[in-house]
Amino acid sequence: MLLGILVVLCFIPTADVTENKILVAQSPLLTVVNKTATLVCNYTYNGTGKEFRASLHKGTDSAVEVCFISWNMTKTSTNSNKEFNCQGIHDKDKVIFYLWNMSASQTDIYFCKIEAMYPPPYVYNEKSNGTVIHVKVFFVPFLKEPQSAIPLWIMVAVTGVLAFYSMLITTVFINYWQKSKKNMYHQSDYMNMTPRHPPYQKNKGYPSYAPTRDYTAYRSWQP
């Protein structure tokens, strides 16, 4: 019985065991400095498939499909996740995924998956080691303005005090000027019109307010 099984296995072609196997090779690390990445997925396939699908997956568990490309003998179609800018291109024994406008949050490990869709049997590659895409973001250093030796709050306080005293002095000056102008106006309207006597007439018996008499008018005329 055992001998018969061994004889049957010897007649099974070895090519059928390895015929529908897909192997994928990726670079282990890809550093992105200009927000643009090119990930190449090299693969080998010795089956008879005519319709294929290649996809790029993000994360250790490949939970996020970034984009995919499918092709056959006549046409090719591609699609991308709305959260990524990705496009796939098939070229002989490799699939190239182009990613652009990448952000630092998209730094992760990415896996290529190649599938032989038709004709049966359906075959896909075993999970490869993946490619770590490291997105670097460069920040322009912020140039600080040179600080003055005097703190800002001191300058503000001094400026406020000077402004206060300036307004106070201006107010006092304007008030004094208005009062002086008012006094000058009253003096010009109420001037004392009583005539003043010379000093030598003060001892005479006439009231100080009486006008001085001219006695020359009572002298008799002499030829």
Side-chain angles (χ1 to χ4, degrees), residues 5-6 8-145:
I5 295 175
L6 292 176
V8 173
L9 291 176
C10 290
F11 284 98
I12 297 176
T14 57
D16 293 340
V17 177
T18 59
E19 185 179 45
N20 294 322
K21 190 174 183 179
I22 301 175
L23 299 177
V24 174
Q26 299 178 225
S27 59
L29 177 64
L30 182 60
T31 302
V32 177
V33 295
N34 58 354
K35 298 184 179 182
T36 302
T38 301
L39 179 58
V40 179
C41 303
N42 297 293
Y43 72 94
T44 58
Y45 173 66
N46 54 4
T48 59
K50 296 181 180 180
E51 184 174 337
F52 300 88
R53 187 180 191 272
S55 54
L56 183 64
H57 297 262
K58 174 180 178 292
T60 56
D61 56 353
S62 301
V64 179
E65 185 178 81
V66 177
C67 64
F68 74 87
I69 177 176
S70 59
W71 70 94
N72 54 26
M73 302 298 294
T74 58
K75 64 179 181 178
T76 301
S77 62
T78 182
N79 193 14
S80 175
N81 189 316
K82 63 180 181 179
E83 296 181 359
F84 291 85
N85 297 297
C86 177
Q87 183 179 8
I89 297 177
H90 174 251
D91 184 13
K92 295 183 180 180
D93 295 333
K94 61 184 176 181
V95 177
I96 305 173
F97 291 101
Y98 295 99
L99 299 100
W100 63 95
N101 290 336
M102 299 190 72
S103 62
S105 63
Q106 294 175 342
T107 296
D108 209 328
I109 187 169
Y110 291 78
F111 297 93
C112 296
K113 184 178 180 180
I114 309 295
E115 304 168 84
M117 307 296 293
Y118 183 83
Y122 167 78
V123 181
Y124 64 93
N125 66 290
E126 296 181 357
K127 194 171 184 178
S128 64
N129 294 329
T131 300
V132 175
I133 298 181
H134 182 203
V135 183
K136 290 185 176 181
V137 179
F138 296 94
F139 296 95
V140 178
F142 178 74
L143 299 178
K144 295 183 178 180
E145 298 181 357

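Bear in mind that the values here come from a model prediction, so they are computed numbers and not experimental data. Scope of the values below: all heavy atoms of this structure, side chains included, with no hydrogens, waters or symmetry mates.
- For K58, the salt bridge (charged side-chain N to carboxylate O under 4.0 Å, His left out) partners at least two apart in sequence or on another chain are D108.
- Judged as a ring-ring contact (aromatic ring centres under 6.0 Å, His included), the pairs with a partner in residues 105-134 (not counting sequence neighbours) are, in order, Y122-Y124.
- The ring pair (Phe, Tyr, Trp, His ring centres under 6.0 Å) check on F52 picks up Y45, W71, with sequence neighbours excluded.
- Checked against side chain to side chain contact (heavy atoms under 4.5 Å, CB included), I96 has the following partners two or more places apart in sequence or in another chain: T38, V40, K94, Y98.
- To the nearest 0.5 Å, the span separating CD on E51 from CD on E115 amounts to 11.0 Å.
- The side chain to side chain donor-acceptor pair (under 3.5 Å) analysis of residues 24-35, with sequence neighbours excluded, yields the pairs Q26-S128, Q26-T131.
- In this structure a side-chain-to-backbone donor-acceptor pair under 3.5 Å is missing from T36 to W100.
- Looking at K113 and S62, their side chains never come closer than 4.5 Å, going by heavy atoms from C-beta outward.
- Residue pairs that meet the disulfide (SG to SG under 2.5 Å) test with at least one member in residues 88-117, sequence neighbours left out, are C41-C112.
- Sorted by first then second residue, the salt bridge (Lys or Arg N to Asp or Glu O under 4.0 Å) pairs that include residues 61-77, not counting sequence neighbours, are R53-E65.
- Taking CG of L23 as the reference point, atom OG1 of T44 lies at 4.0 Å (rounded to 0.5 Å).
- Shown here are the side chain to side chain contact (heavy atoms under 4.5 Å, CB included) partners of S103, two or more places apart in sequence or in another chain: S105, Q106.
- Here the closest heavy-atom approach between residue H90 and residue V95 is recorded as CD2-CG2, 4.1 Å.
- Other residues, nucleotides and ligands contribute only 12 or fewer heavy atoms inside 6.0 Å of the NZ atom of K50.
- For residues 55-85, the pairs satisfying disulfide (SG to SG under 2.5 Å) are C67-C86, with sequence neighbours left out.
- For N129, there are no side chain to side chain contact (heavy atoms under 4.5 Å, CB included) partners, not counting sequence neighbours.
- Under the 4.5 Å side-chain criterion, counting only non-hydrogen atoms from C-beta, E83 is not in contact with V64.
- Annotation: side chain to side chain contact (heavy atoms under 4.5 Å, CB included) contacts of T78 (sequence neighbours excluded): I69, Q87.
- Inter-residue side-chain proximity for L99 and L56 is flagged as met; some heavy-atom pair is nearer than 4.5 Å.
- Annotation: salt bridge (Lys or Arg N to Asp or Glu O under 4.0 Å) contacts involving residues 22-32, sequence neighbours excluded, are absent.
- A heavy-atom distance below 4.5 Å is found between the side chains of I109 and T60.
- Between A37 and V32, the shortest heavy-atom contact is CB-CG2, 3.5 Å.
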